[in-house]
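Every chain is numbered from 1, with letters handed out A, B, ... down the list of sequences.
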Amino acid sequence: MYALVDCNNFYVSCERVFDPSLRNRPVVVLSNNDGNAVARSNEAKELGIPFGAPFHSLKGRIREHNIAVFSSNYTLYGDMSRRVMDVLGGLSPEMEIYSIDEAFLRPGRRRHSEWGREVRETVLQWTGIPVSVGLAPTKTLAKLASRLAKKDPACCGVFNMDARPDIDSILDGADAGDVWGVGRQYSDLLRRHGICSARQLRDAPDRWVKKKMTITGLRTVYELRGVPCISLDEMPGTKKAIVSSRSFGRPVTDEAELREAVAAYVTRGAEKLRGQGSAASCVTVFITTNPFRKEDPQYSNSVSYSLPSPSSYTPRLIHCALRLLGVIFRQGYSYKKAGVMFTGIVPVEDAQPDLFSRHRDTEKTRSLMSTVDHVNAAMGRGTISFASEGRTRPWQMRRAFLSSRYTTHWKEIPVVRA
DNA sequence: TCTGGGGTCCTAGGACCC
DNA sequence: TCTGGGGTCCTAGGACCC
């Protein structure tokens, strides 16, 4: 038996915890750079604002309906997520944190529906975040169940598929495209073959599914039949690729600014690398102009370099990335985005040094980086930064509607008035 | 002025090995 | 008429997830 616990409109809910005036009001949260709507309150969904709608296309409706708008505040959402997961961890012996706002759990021995209601109430009371709970014999069905828990107000946020005798009609009522693992492409393909509902997908012939949707698709179908094929992953492994990239707040034409941005992205990526005890043996840098500005000349390029020995030493990685940038940078374009990717990731203790190279991570470089990481963790990110990242950073992303970091910064803590 | 930022897995095909 | 058989590794591309 699996449970999927899913935070309702998570980013919006985080904002609402600290600003009760947002309740019952349409709220949207924008992606990085205030680009698109990535979270919407139910009221905003009812106004017909789709997921991913570009902010600039919403301005009329925002004024008209007095919609509250926020920039993404990942410091806040990340910390609220940690709190929710802490609570969930105490309510189940086994847990897989699946995303910032979802976790798979094994319900205890208690009656499942009752347990589900307790989860919901506890998380709400302890964190202020409303969640939905889907219960089913497989993860895929549990995902579906949590959707249904949200859709039907009568189930009060908990949907236990096991307790339902009418499973066929439940699957009849769900689109095949709403099944976990079926995206746009497969959804279109299935529809062309007359498979529209989750039930039709469940009952499709194995051989056909395997041929069209590979082994992954066949697993999904088995899971719809109640045969568990996807197990709980309690210990997510180390990442195999680490990407750090951002769109700029405004077009960037100057190579010096691009160099600052790339250095800053390397710094972030290298922190992540060290955070999981890894080193990277390959660095990739990419830059691109704005593909939406069709009238502008377009250029994008990327280039990789294999390091003589794996590294997680920020200065070395910055040095390497800036040289790569020099290879692909072309004067005369307006750049919109740049990024850095680390691959060939190995555990630090397995990193094979190069016999002939002086450029290798040593005890000294590691302890320097560890000190920097500790200071930044304790005093806030960027307390120690690299000169090449720049000070003013005019290229930084737009975040015009940012709320406070209520839970992680003393100066931004909420004030209670009598 | 204006459109996000991360990740994973699977397969086919080619190079190469004995 | 008939040109082996079995493997590994790597990459690119395509699908998916949040």
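- Residue-level contact check: Lys272(A) touches the backbone only, with heavy atoms under 4.0 Å from sugar-phosphate atoms and none from bases.
- In terms of phosphate contacts, Arg219(A) brings a side-chain nitrogen or oxygen within less than 4.0 Å of OP1 or OP2 of dC10(B).
- Residue Arg250(A) is out of contact with every strand shown, counting any heavy-atom pair closer than 4.0 Å.
- One P atom belongs to dC18(C), the other to dT3(B), and the distance between them is 25 Å to the nearest Å.
- Taking the six-membered ring for Trp, Phe329(A) and Tyr299(A) have ring centres at least 6.0 Å apart.
- The environment of Lys272(A) atom NZ is dense: over 12 non-hydrogen atoms of other residues, nucleotides or ligands sit within 6.0 angstrom.
- Checking dG7(B), dT3(B), dA15(C) against the side-chain heavy atoms of Ile242(A) singles out dG7(B) as nearest.
- Contacts of Ser244(A) with the nucleic acid, taken as non-hydrogen atoms under 4.0 Å apart, involve only primed sugar atoms and P, OP1 or OP2.
- Looking at the side chain of Thr214(A), the nearest of the listed nucleotides dT8(B), dT11(B), dG4(B) is dT11(B).
- Put simply, the side chain of Asn290(A) never gets that close to the backbone of Lys336(A): no donor and acceptor are under 3.5 Å apart.
- Checking dG5(C) for Watson-Crick or G-U wobble geometry (two distances, each under 3.5 Å) identifies dC18(B) as its partner.
- With dG4(B), dT1(B), dC9(B) as the choices, the nucleotide that has an atom nearest any side-chain atom of Lys59(A) turns out to be dT1(B).
- Residue Lys210(A) is out of contact with every strand shown, counting any heavy-atom pair closer than 4.0 Å.
- A salt bridge links Arg250(A) to Glu257(A): at least one charged side-chain nitrogen sits closer than 4.0 Å to a carboxylate oxygen.
- The separation between Trp395(A) atom CH2 and dG4(B) atom P is 17 Å, rounded to whole Å.
- Checked against the 6.0 Å centroid criterion, the rings of Phe104(A) and Trp180(A) qualify as a close aromatic pair.
- The side chain of Ser247(A) places an N or O atom within less than 4.0 Å of a non-bridging phosphate oxygen (OP1 or OP2) of dG5(B).
- Counting any heavy atom pair closer than 4.0 Å across all strands shown, Val29(A) reaches no nucleic acid atom.
- Counting non-hydrogen atoms under 4.0 angstrom, Lys212(A) reaches nothing in the nucleic acid.
- Contacts of Ala53(A) with the nucleic acid, taken as non-hydrogen atoms under 4.0 Å apart, are absent.
- Here dC18(C) is the nucleotide among dG6(B), dC18(C), dG4(B) with the atom lying nearest to any side-chain atom of Lys143(A).
- For the pair Asn36(A) CG and dT1(B) C1', the interatomic distance rounds to 15 Å; values are reported in whole Å.
- Comparing dT3(B), dT8(B), dC10(B) by their closest approach to the side chain of Ile215(A) singles out dC10(B).
- Comparing atom distances between the Arg246(A) side chain and each of dT3(B), dC18(C), dG5(B) picks out dG5(B) as nearest.
- Distance from the side chain of Asn32(A) is smallest for dG5(B) among the nucleotides dT8(B), dG5(B), dC18(C).
- Between Trp180(A) atom CH2 and dC9(B) atom P the separation is 12 Å, expressed in whole Å.
- As judged by a 4.0 angstrom heavy-atom cut-off over every strand, Arg268(A) is placed among residues making no nucleic acid contact.
- Taking side-chain N and O atoms only, Ser245(A) has no distance below 4.0 Å to OP1 or OP2 of dG4(B).
- Protein atom CZ of Phe104(A) is 9 Å distant from nucleotide atom P of dC18(C), rounded to whole Å.
- Per the geometry, OH belonging to Tyr74(A) stands 14 Å off P belonging to dC18(C), to the nearest Å.
- When the side-chain nitrogen and oxygen atoms of Lys337(A) are compared with OP1 and OP2 of dG5(B), one or more of them lie within a distance under 4.0 Å.
- If you run salt bridge (charged side-chain N to carboxylate O under 4.0 Å, His left out) between Asp178(A) and each of Arg147(A), Lys151(A), Lys150(A), only Arg147(A) comes through.
- Atom pair Tyr98(A):OH and dC16(C):C1' shows a separation of 8 Å (rounding to whole Å applied).
- For dC9(B), one of the phosphate oxygens OP1 or OP2 lies less than 4.0 angstrom from a side-chain nitrogen or oxygen of Lys240(A).
- Between Tyr77(A) and Glu15(A), the shortest heavy-atom distance links the atoms OH-OE2, 2.7 Å.
- Per the geometry, CD1 belonging to Ile230(A) stands 14 Å off P belonging to dC16(C), to the nearest Å.
- The distance from atom CD of Gln276(A) to atom C1' of dG6(B) is 14 Å, rounded to the nearest whole Å.
- Taking the side chain of Tyr186(A) as heavy atoms from C-beta on, and the options dA15(C), dG6(B), dC17(C), the nearest nucleotide is dA15(C).
- Minimum interatomic distance between Ala3(A) and Pro107(A) (heavy atoms only, all atoms of both residues): N-CD, 4.1 Å.
- Comparing atom distances between the Ala241(A) side chain and each of dG6(B), dT3(B), dT8(B) picks out dT8(B) as nearest.
- Closest to the side chain of Phe51(A), from the set dG4(B), dC10(B), dC18(C), is dG4(B).
- Across all strands, Asn290(A) comes closer than 4.0 Å only to sugar-phosphate atoms, never to a base (heavy-atom distances).
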